[in-house]
Amino acid sequence: MPLTPLRLGYVPLIDAAPLIVARELGFAAEEGLEFRLLRLGAWAQARDMLGAGLIEAAHMLVPMPVAQALGLGPALPDLDLVMFLSQGGQAVAVSAALAARMREQGHDFDFRDARKAALALHCAAPGRLRVGVPFHFSTQLELIRHWLGACGFSPALEVVTVPPPLMAESMAAGEVDAFCVGEPWASSAVDRGLAALLLPGTAIWAAPPEKGLVLRRDFTEAEPQVTGALMRAIWRAGRWLDEPENRDTAAEILSRREYLDLPAELAERGLTGRLQVTPSGEIRHVPGFVAFHAGAANFPWKSLAAFFAQRIAQRHGLEPGPAMEKAMAHFRTDLYRRHLRAAGAALPGASARLEGALAQDREVAAEKGQMILRADAFFNGTIFEPPFAG
Amino acid sequence: MDKRLSIVVIEPDPERAAPIVDGLREIGDHDIRIISEETGLARHIAECRPDIVLIDLANPSRDVLEELALASGPTERPVAMFVDRSDEHLTRAAVEAGISAYVVDGLRPDRIKPVLDAAIARFHMFQRMRAELAATRAALEERKVIDRAKAVLMKARGIDEEAAYALLRKTAMDQGKRVAEIAQQLVLAAGLLSCR
């Protein structure tokens, strides 16, 4: 039987791995799909091409479909997030100059303690701190604001958008003092001697949802079979990726010229959680730096839609209540249950929960039997309660 | 009469920027500027205060413009507004051509359309040129492979070039494949066999 072609857009980052692996290892073909992967240059491009029907699905920053739901983007057909692709994978980096000052003042770059890192940054930062993030609606931006906000960071904070490939350049040009970006861009800046890594995203929030698989709602309705096949292929690729022994192979595949086009060694750092934090070669090991499957990482909790919606609404002068409700309708736990149940995905009883409540991995009741939820605590103990749990 | 429009084209490659600017000049006397630097984009845009910004759909700097479009508050002059709120059809045509436009809030659609139409025409030209270049390269590559395959046959079977090509063509027809494919397979197999 001929394979059904499907166009998928991705931005070259290590967390595009589920799409690339699904194609390269045949998970897509097993579901009768032929993935045509399009490497994109901008997040806005992913959104616009999806809206115009030039791609059927996109690897997208989790807060982007939330912002679309709140009317903060161009007028496009409804976009829905059907599953998360990854958690974590981000790193906070500071400029070489700032790193040197922090070092002089005794900071040890342990790459773990968020409160200590904020304090060191506070003491070393000039009157203001300019931080680059990849997009205005991104997990990176929320991590930075949450972290420095919770630490009572007092220098004036400016968060600006910088395209990931230009992060290192704009640091070198003195336009930002720090940045938070997905791998391999943080490691790439360290390699060029321009930055030192201060924290992984997971030190601020243990399981920060980073990328999602986003489709047009009308496509999920017109093509339920293809939607299900796509979700299963990606889900199985994530399961393969979360077998630790597969991460080196994944780095090899991702680094090929047609995908990320960089040395495999660079992609490997984020994928294996062994990161070089300073140009002089100090290595830090971060278990669970990026997750693609384990601990129900793919389940698109409606409470996370509400979490991002509340924060975005507050910054854009929108009513948080209605904003949270609107956003929750775009995280399709119903499609996740319908299409992944038969594949064997563990399904939680509820579709929303308290966010940040798990200090450790915890076994909970699933639709069938038990399942393990990954620890998701914020470093400062923040707990977010969605408007209604259902 | 309408005032001149201030149009900014963000394009790092001068060879691509020039034809876009030419195309825009043809439609009227507008103030057109090119920004080619990648860093400091927000500052450059703020200085130019453009009515329309044109940029490649895939340019990473688009994500910086997105922020500018959102940041413009009610008191300041909005830097940019998404064009598709005025004309859905036009936006789709632009996305398909690989172009993205940001337009100042309140600019009349009849002033936007000619600018976008001109830009779309130029971007289609780029796409065609890119496709032609790729096709030329592929054809050259195929010819090289066919030449190598002919050489392999001539040596192995002691035939002349014409006979070698005829043999390739006949095999291709029998197999329902292209000559270049058969030639590729032959060259690959010959390479394997000659390895010690």
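In what follows, chains are A, B, ... by sequence order, proteins preceding strands, each numbered from 1.
Of the two parts of A:Leu40, neither the backbone nor the side chain holds a non-hydrogen atom closer than 4.5 Å to a non-hydrogen atom of chain B. Interface remark: A:Val176 contributes no atoms to any contact with chain B (heavy atom separation under 4.5 Å). Within the 4.5 angstrom heavy-atom criterion, no atom of A:Val11 approaches chain B. Contact of B:Asn59 with chain A is made through the backbone alone, with heavy-atom distances under 4.5 Å.
One side chain, A:Thr161 or B:Glu67, offers a donor N or O that lies under 3.5 Å from an acceptor on the other. For the residue pair A:Glu210 and A:Gln140, a side-chain donor N or O sits within less than 3.5 Å of a side-chain acceptor on the partner.
Of the listed residues A:Ala52, A:Pro164, A:Pro165, the one with more heavy-atom pairs under 4.5 angstrom with chain B than any other is A:Ala52.
For A:Phe137 and A:His316, the gap between ring centers is short of 6.0 Å. Under the 6.0 Å cut-off for aromatic ring centres, A:Trp43 and A:His136 do not qualify, their centroids lying 6.0 Å or more apart.
For CD of B:Glu161, the number of neighbouring non-hydrogen atoms (other residues, nucleotides, ligands) closer than 6.0 Å is 12 at most.
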